[in-house]
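Everything quoted here is computed from the prediction, not taken from an experiment.
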Amino acid sequence: VTPLPVTLTALKVADNAKCIGSTSPDNGAVRAFIPNGAVENTADYNFFWFRGAVDATPDYTGAVYTGIPDGTYSVFARHKTAGCNSDTAT
């Protein structure tokens with residue numbers, strides 16, 4: 001049996017708000033979850049974030065990715081016990 005990928009939702013939490021030339025740290029944030037009715041499931045999955053396209057090594061692992069610069073990010077989730085992957089969201 002080959003299960004279908006689960007649906008993944010990824011949302012921007014905060015823009016990276018900095019003045020031009022600022023040396024302050026990046027402060028953008030994104031989050032991801034697997035919707036299950038009214039519940040946002042993050043406990044049963046590992047989330048893998050990539051700056052740009054998905055490649056061999058994730059830039060971050062976790063449901064919420066903070067302190068990030070402007071850019072395009074891709075994420076997918078893998079169920080912790082079953083090993084099933086989600087769709088990829090950008």
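Side chains of Thr7 and Ile34 form no contact here, defined as non-hydrogen atoms less than 4.5 Å apart. Side-chain atoms of Leu11 and Phe33, non-hydrogen and from C-beta on, do get closer than 4.5 Å to each other. Within the 4.5 Å cutoff, no side-chain heavy atoms of Val64 are placed close to those of Val13.
For the atom pair His79 NE2 and Cys84 SG, the distance stands at 7.5 Å (nearest 0.5 Å). In this structure, OG1 on Thr66 lies 11.0 Å from CG on Asp26, to the nearest 0.5 angstrom. Taken to the nearest 0.5 Å, the CG atom of Asp87 stands 7.5 Å off from the CG atom of Leu8.
The minimum heavy-atom distance linking Asp15 with Asn27 is given by the pair O-OD1, 3.4 Å. Nearest heavy-atom pair across Val75 and Ala10 is CG1-CB, 3.9 Å. Between Ala29 and Ile68, the closest heavy-atom pair is N-CG1, 3.9 Å. When every heavy atom of Ala32 is checked against every heavy atom of Thr42, the shortest pair comes out as O-CG2, 3.5 Å.
The number of heavy atoms from other shown groups lying within 6.0 Å of NZ (Lys80) is above 12.
Asn41 places a side-chain N or O within 3.5 Å of a backbone atom of Ala43 that can act as its donor or acceptor partner. Between the side chain of Asp59 and the backbone N or O of Arg51 there is at least one donor-acceptor pair closer than 3.5 Å.
Listed by chain and number, the residues in a side chain to side chain donor-acceptor pair (under 3.5 Å) with Asn85 are Arg78 (sequence neighbours excluded). Taking the side chain to side chain donor-acceptor pair (under 3.5 Å) definition, one finds that Ser74 meets it with Thr90, sequence neighbours left out.
Cluster partners of Phe50, by chain and number: Phe48, Val54, Phe76. The rule joins Ile, Leu, Val, Met, Phe, Trp and Tyr whenever side-chain heavy atoms lie under 4.5 Å apart.
Tyr65 and Tyr60 have parallel rings, their planes meeting at less than 30° on a 0 to 90° scale where 60° marks the start of perpendicular.
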